Amino acid sequence: MNQDKTGLDRRSFLKASLMSGGGLMLTVSWLSSFTSADKAQVLNLPEQWASLNGYIHILPDNKVKLICPNPEFGQNVMTSLPMMLAEELDVDWKNVSVEMGPHDPAKLGAQFTGGSNSVRMYWKPLREAGAAARQMLREAAAQTWNVPVGEVTAKAGVLSHPSGKSAKYGDMASKAASVPVPKDLKLKAPKDFTIVSSSKKNVEIQKITSGKPLFGLDYGIDGMLIAMIQHPPAFGLKLKSYDAAEALKMPGIRDVFTQKLYGDDFEQGGFDTRTFNDLLVIVGNSTWEVISARKKLVTNWEAAGDLKETTGGRGGKKEVTIPGALESTTTQMQQMQEYAAKPAQELRRDGDPETAFKNAAQVIERTYNGPFLAHNTMEPMNFFAHVTDEKAVLVGPLQAPGWTEPTLAKLLNLPAGKIEIQMTRMGGGFGRRAYGHYLYEAALISRKVKAPVKLMYTREDDMTYGIYRPMYTATYRAALDANKNLIAFHVKGGGIPEHPIHANRFPAGAVDNYLAEGWQIPSNITIGAFRAPRSNFNAAAEQSFLDEVAEAAGKDPIAFRLELLKRAKEKPVGKNNEYDADRYAGVLELVRDKSKWGKTGNEKYNRGVAAYFCHNSYAAHVVDMVTRDGQPYVERVFSAMDCGIVINPDAATNMVQGAVVDGIGNALYGQLTHKDGVAQQSNFHNYRIIRMNEAPKSVEVHFVRNELDPTGLGEPPFPPVFGAVANALYKMKGKRYYNQPFKDEAEKVI
């Protein structure tokens with residue numbers, strides 16, 4: 001066992017007998033053992049949100065219940081987090097149950113699901129909570145039996161003594177609540193794990209497969225009304241006037257009115273992104289009645305003009321100007337080309353890249369472009385709200401209640417203690433539900449109509465009115481000497497309205513002369529986090545370019561990357577390199593071996609490889625592509641991951657497989673364009689996503705085995721898929737692909 005000096009003071013743990021029936025309830029400050037720097041890196045949260053708490057309940061019937069603080073949208077935290085707890089508590093897994101907790105910032109903190117942080121953030125604190133409870137139960141048994149605590153063992157929910165005395169945890173739970181919290185804890189060594197690193201079924205699988213209510217769309221109460229919003233038809237427009245006479249004649253319609261989301265001079269929080277501030281709301285008895293009546297609204301729109309907004313939160317207070325132009329994809333592309341030719345912000349410089357390029361024997365330069373992408377969560381955006389003068393109750397799918405509640409309190413002029421947010425399972429998130437504007441809209445509408453309301457977005461509402469993955473471009477340059485060695489590397493990237501560049505990632509640190517630059521163009525088209533923000537484009541462009549450089553150097557693409565990583569390990573350049581060269585090389589070597597890269601027997605496949613580091617984990621893929629019915633088809637994929645200790649292998653495998661399919665679909669088909677501010681794609685009939693029969697027949701996932709603390713897995717497998725697909729397409733067609741979606745380019749040469 002590992003001796004763990006927790007650093008937890010007595011205020012980090014709270015314990016009490018349960019209100020009825022006895023038992024032990026243990027609360028632990030999940031982040032108490034993190035340094036300020038760790039907290040910033042793990043959560044990127046303000047300091048006041050760093051105290052994240054959760055509950056352990058041990059009941060008299062020997063059941064153990066965890067109140068899960070983090071929202072669940074398919075990444076399986078409601079199984080993996082209690083697995084870590086149960087491991088150190090040493091309880092029988094079949095006696096563990098899990099409940100999703102409500103938002104409770106005093107006890108559960110920010111409760112943020114995103115950034116691939118859930119397991120990484122909870123790994124040590126949850127284990128400490130389990131170990132503390134186990135030790136307190138042993139102490140209680142020792143006192144009851146009048147024996148030394150060192151003679152009491154705990155296993156599978158049973159306390160035992162060599163004399164033959166034994167008791168279930170539930171028998172000792174009430175007494176354990178009076179035992180002092182231990183200061184020094186013994187955590188298990190990975191070799192002793194019996195729950196962690198073994199596959200467990202999703203704790204909600206029966207509810208999911210039997211169709212029991214789980215999602216926000218399932219929630220409802222008697223007397224609840226349905227609300228929808230009529231948004232402007234284009235970014236850059238606002239409501240001028242409307243006529244609701246015909247709509248109000250429709251069956252079931254209660255009201256039509258305008259509503260401002262934020263008042264004048266309202267200071268927005270860091271995640272208060274919203275598209276339109278002036279809302280035209282229609283409220284009725286049922287979804288269909290409201291949809292039908294909304295079509296009867298007569299609306300007039302006018303130019304919104306440039307807008308000024310004040311934002312606070314993570315980046316400090318700042319004022320931004322949002323342009324009022326009606327933007328089009330064609331003009332945006334022209335504008336990006338113009339910006340790309342101008343001087344940009346220097347993000348990192350090593351050596352003398354200008355001189356190296358001037359003296360190079362060969363220079364390779366390529367530009368890559370990526371479009372806006374829509375999140376397309378399967379469960380349309382929705383939230384329930386019942387707001388009165390005294391309190392507010394809100395229920396629905398939300399990734400970041402801790403970021404949402406402060407803004408909601410300001411909008412409703414209610415103290416946080418009068419706001420109750422209950423989180424449902426999410427039918428997809430991918431960053432879209434980190435922005436709480438739809439919850440604010442529901443709350444303001446409920447207050448206006450003085451009734452419980454469920455706000456509903458249609459698919460068209462969500463897809464045409466943000467919040468998107470930004471539009472990106474990047475130009476890469478590589479300089480080779482006369483011996484085909486890479487001597488300089490330059491990346492200059494930009495986007496609307498942010499750039500994609502991670503300046504301190506590979507191949508930074510592996511090249512003597514390195515330059516990274518970034519620029520961005522303001523826009524009124526709203527953007528937000530999209531699975532592996534920025535990395536999902538950066539990896540695609542970088543990994544495609546590295547393949548092309550490897551070919552120019554006459555080297556195998558995997559061997560070329562490993563050569564650079566060896567340099568980064570043995571003679572690193574610079575001091576701010578984010579990645580571990582050994583771990584990066586490890587996933588490349590593993591995927592090389594498992595895919596039999598370079599071996600006979602794979603001749604039918606056009607093979608593409610890519611690897612990337614983000615969100616503290618390492619991923620590599622080999623994509624095997626064939627032509628099927630005249631179209632490119634990814635038939636199989638080999639994936640290698642290094643995310644430290646794997647909590648739930650089956651669930652982790654499923655996570656990687658889902659990321660691979662998602663990546664293939666977005667790389668080949670994903671694209672959202674605009675004309676005069678109007679989104680040209682509105683639903684799945686014209687926004688192409690991957691179909692069931694287009695998914696690979698096989699996605700074989702392998703994990704690097706180590707005993708490192710677990711890191712992220714929801715996002716890291718996703719970005720390198722794009723590059724691997726592009727590289728496989730090149731092998732198939734003999735043509736490099738520089739513009740997403742790749743299918744548009746591929747069809748021109750098939």
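Numbers here are sequence positions counted from 1. All of these numbers come straight from a predicted model, not from anything done at the bench.
- Defined by atom type and a distance below 3.5 Å, a donor-acceptor pair is present between the side-chain atoms of Q631 and K743.
- Under the 6.0 Å cut-off for aromatic ring centres, F276 and F235 qualify, their centroids lying closer than that.
- A donor-acceptor pair under 3.5 Å is absent between the side-chain atoms of S328 and the main chain of T330, judged by distance alone.
- The main-chain N or O of A659 is never found under 3.5 Å from a side-chain atom of D662 such that the two would form a donor-acceptor pair.
- Ion pairing between R432 and D462 holds under the 4.0 Å rule for side-chain N and carboxylate O.
- By the neighbour-count criterion of 12 heavy atoms within 6.0 Å, atom CG of N693 is densely surrounded, having more than that number from other residues, nucleotides or ligands.
- In the model, T526 has a side-chain atom that pairs as donor or acceptor with a side-chain atom of T275 under 3.5 Å.
- No side-chain donor-acceptor contact under 3.5 Å links T331 and Q334.
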May I have the step-by-step check of side chain to side chain donor-acceptor pair (under 3.5 Å) for E289 and S286, ending in yes or no?
CA-CA 5 Å; E289 287 173 327; S286 70; 3.0 Å; yes

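- Salt bridge E694/R688: present, at least one basic N to carboxylate O contact under 4.0 Å.
- Side-chain contact check for E309 and Q268: at least one donor-acceptor pair (N or O, by modelled atom type) lies under 3.5 Å.
- No donor-acceptor distance shorter than 3.5 angstrom exists from the side chain of T464 to the backbone of S682, with no hydrogens or angles considered.
- Results of the side chain to side chain donor-acceptor pair (under 3.5 Å) test with T673 over Q332, Q680, Q681 single out Q681 as the only residue that passes.
- Here the rule is side chain to side chain contact (heavy atoms under 4.5 Å, CB included) with L444, and of L412, L455, V453 only L412 fits it.
- A salt bridge is defined here as a Lys NZ or Arg NE, NH1 or NH2 lying under 4.0 Å from an Asp or Glu carboxylate O, and D265 with K308 fails to meet this definition.
- Taking the six-membered ring for Trp and the full ring otherwise, F537 and H499 have centroids separated by 6.0 Å or more.
- With salt bridges taken as basic N to acidic carboxylate O contacts below 4.0 Å, one links E204 and R425.
- In this structure a side-chain-to-backbone donor-acceptor pair under 3.5 Å is missing from N666 to G663.
- One N or O on the side chain of T424 and one on the backbone of G216 form a donor-acceptor pair closer than 3.5 Å.
- Relative ring orientation between H437 and Y457 is described as tilted, the plane-to-plane angle lying within the 30° to 60° band.
- The side-chain hydrogen bond (donor to acceptor under 3.5 Å, both in side chains) contacts involving residues 226-248 comprise S241-N300, E246-K249, where partners must be two or more places apart or lie in separate chains.
- Within a 6.0 Å radius of NZ in K448, other residues, nucleotides and ligands contribute 12 heavy atoms or fewer.
- Remark: aromatic rings of F718 and F722 are close, center separation under 6.0 Å.
- Counted by atom type alone, Y472 and E498 present one or more donor-acceptor pairs between their side chains at under 3.5 Å.
- Look at R433 and E379 and you find a salt bridge, because one of the NZ, NE, NH1 or NH2 atoms lies within 4.0 Å of a carboxylate O, short of that distance.
- Between D272 and Y440, the side chains place a donor N or O and an acceptor N or O closer than 3.5 Å (distance only, hydrogens not considered).
- With sequence neighbours left out, the side chain to side chain donor-acceptor pair (under 3.5 Å) criterion links Q657 to no other residue.
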